[in-house]
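Below: one structure, written as structure tokens.
Order of listing sets the numbers, starting from 1, for every ligand and every atom in it.
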Amino acid sequence: MMQIPFGNLSHQYLAIKEEIDAAISRVLKSGWFVLGDEVLAFENEFATYCSTTYGIGVGSGTEALHLSLLACDIQTGDEVITVPNTAVPTVSAISFAGAMPVFVDIDPATYTIDVSKIESAITKKTRAIIPVHLYGQCADMDHILAIAEHYKIAVIEDACQAHGALYKGRKAGSMGDAGCFSFYPSKNLGAFGDAGMVVTNNEKIAERVRLLRNYGQEHRYVNVIKGFNSRLDEIQAAILRVKLSRLDVWNEIRREKAEKYKTLLKGINSFVMPEEASYARHVYHLFVVRNERRDALLDFLNKRGIGTFIHYPIPIHLQKSYRDLGYNEGDFPVTETYAKHILSLPLYPEMDDDCLQEITVALRNY
Ligand SMILES: *Cc1c(COP(=O)(O)O)cnc(C)c1O
């Protein structure tokens with residue numbers, strides 16, 4: 001039986017081994033390991049890639065969100081709007097900034113925030129919206145930005161799954177007050193450990209994130225605000241610089257493979273394929289299909305050696321850790337229904353087409 005894992009990160013390393021090894025070795029020989037020349041260079045290169053003025057390397061995507069909220073002056077008692085269909089860290093960042101997460105259901109076609117439902121969630125306490133560019137596709141930013149401008153609230157993009165994704169030609173992460181990226185190993189641009197970045201055109205936000213990530217210190221041992229330790233290290237930055245030069249090619253291959261899936265599964269109506277919104281360039285961080293008998297499908301595929309995941313099986317408002325927010329089952333019907341029907345299929349740039357073919361044969365048999 002053919003084993004098809006959900007992902008395989010060693011393929012990618014082996015394909016660019018020489019460059020990666022050279023980059024790591026350069027850092028080891030330099031004797032400088034945290035916040036140095038590699039980080040500075042990567043911050044500039046990634047900010048340029050995102051068409052933003054500033055990039056500030058941090059410890060993770062979660063911390064990019066957390067520090068961005070603090071830099072936007074979000075405080076205890078403030079409300080921050082986001083979706084219940086996201087990775088838990090989107091919401092933990094809000095909680096650890098002291099704010100109250102307020103959920104809005106997702107749009108049935110794009111899996112991102114339903115812009116028609118945002119205004120009814122806004123109160124006098126609302127201070128920010130975090131749209132999540134889920135699975136590699138941007139939320140409908142024009143509407144979100146217009147609402148935010150009208151109510152004078154910040155927009156912090158969770159672009160942790162959307163490196164290089166476009167909204168009407170604009171880069172994910174460049175449209176709000178701040179854009180937050182994760183370089184967790186499995187993301188479209190992944191480090192060999194944890195790493196993250198905040199990108200922004202706002203000098204004040206950039207300066208505050210820069211202070212917050214490094215103890216609040218302006219110069220060595222001179223501290224101007226209370227801060228954290230959330231720094232990007234030189235080895236990760238050097239690795240990410242090598243990989244950034246491949247990102248567009250890798251994203252293009254993801255798009256081709258997504259099209260191949262769609263072509264090979266055409267006409268099977270029990271599977272709902274991901275759609276690219278007319279405004280979007282999707283980068284398929286995940287290839288998520290829907291099927292009404294998802295759990296049986298998952299078993300069927302696993303028995304045939306095909307690795308799958310569910311992103312995400314439990315909506316955040318139904319997680320034990322967020323029960324204190326007071327939401328109930330039934331509050332977000334699209335998210336809740338989809339949580340029972342979604343399944344992420346293997347899709348990564350190095351996956352060969354035989355695997356993809358094999359998966360679609362299994363799906364047809366199902
Ligand atoms: C990965 C991810 C995060 C968190 O990033 P970490 O680097 O793991 O902290 C946040 N939001 C979304 C949507 C993600 O996919």
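- For Tyr261, there are no side chain to side chain donor-acceptor pair (under 3.5 Å) partners, not counting sequence neighbours.
- A distance below 6.0 Å separates the ring centres of Phe42 and Phe183.
- The salt bridge (Lys or Arg N to Asp or Glu O under 4.0 Å) contacts involving residues 272-281 comprise Glu252-Arg281, Arg255-Glu276, where partners must be two or more places apart or lie in separate chains.
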Atom pairs, nitrogen or oxygen, ligand 1 to protein, under 3.5 angstrom:
residue, atom, partner, partner atom, Å
ligand 1, 5 (O), Ser182, OG, 3.3
ligand 1, 7 (O), Gly61, N, 2.8
ligand 1, 7 (O), Ser182, OG, 2.6
ligand 1, 9 (O), Gly61, N, 3.3
ligand 1, 9 (O), Thr62, N, 2.9
ligand 1, 9 (O), Thr62, OG1, 2.5
ligand 1, 11 (N), Asp158, OD1, 3.3
ligand 1, 11 (N), Asp158, OD2, 2.8
ligand 1, 15 (O), Gln161, NE2, 2.8
ligand 1, 15 (O), Lys187, NZ, 2.7

For residues 110-120, tabulate all N or O donor-acceptor pairs below 3.5 Å that involve a side-chain atom, not counting sequence neighbours.
residue, atom, partner, partner atom, Å
Thr110, OG1, Asp107, OD2, 3.2
Thr110, OG1, Thr112, N, 3.3
Thr110, OG1, Thr112, OG1, 2.8
Tyr111, OH, Arg290, NH1, 2.8
Asp114, OD1, Ser116, N, 3.0
Asp114, OD1, Ser116, OG, 2.7
Asp114, OD2, Lys117, NZ, 3.4
Glu119, OE2, Tyr151, OH, 2.6
Ser120, OG, Lys117, O, 3.2

So Lys262 and Glu256, salt bridge (Lys or Arg N to Asp or Glu O under 4.0 Å) or not? Walk me through it.
CA-CA 10 Å; Lys262 291 185 200 180; Glu256 285 165 15; over 6 Å; no

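- Electrostatic pairing of Glu19 and Arg246 counts as a salt bridge here, judged by a charged N lying under 4.0 Å from a carboxylate O.
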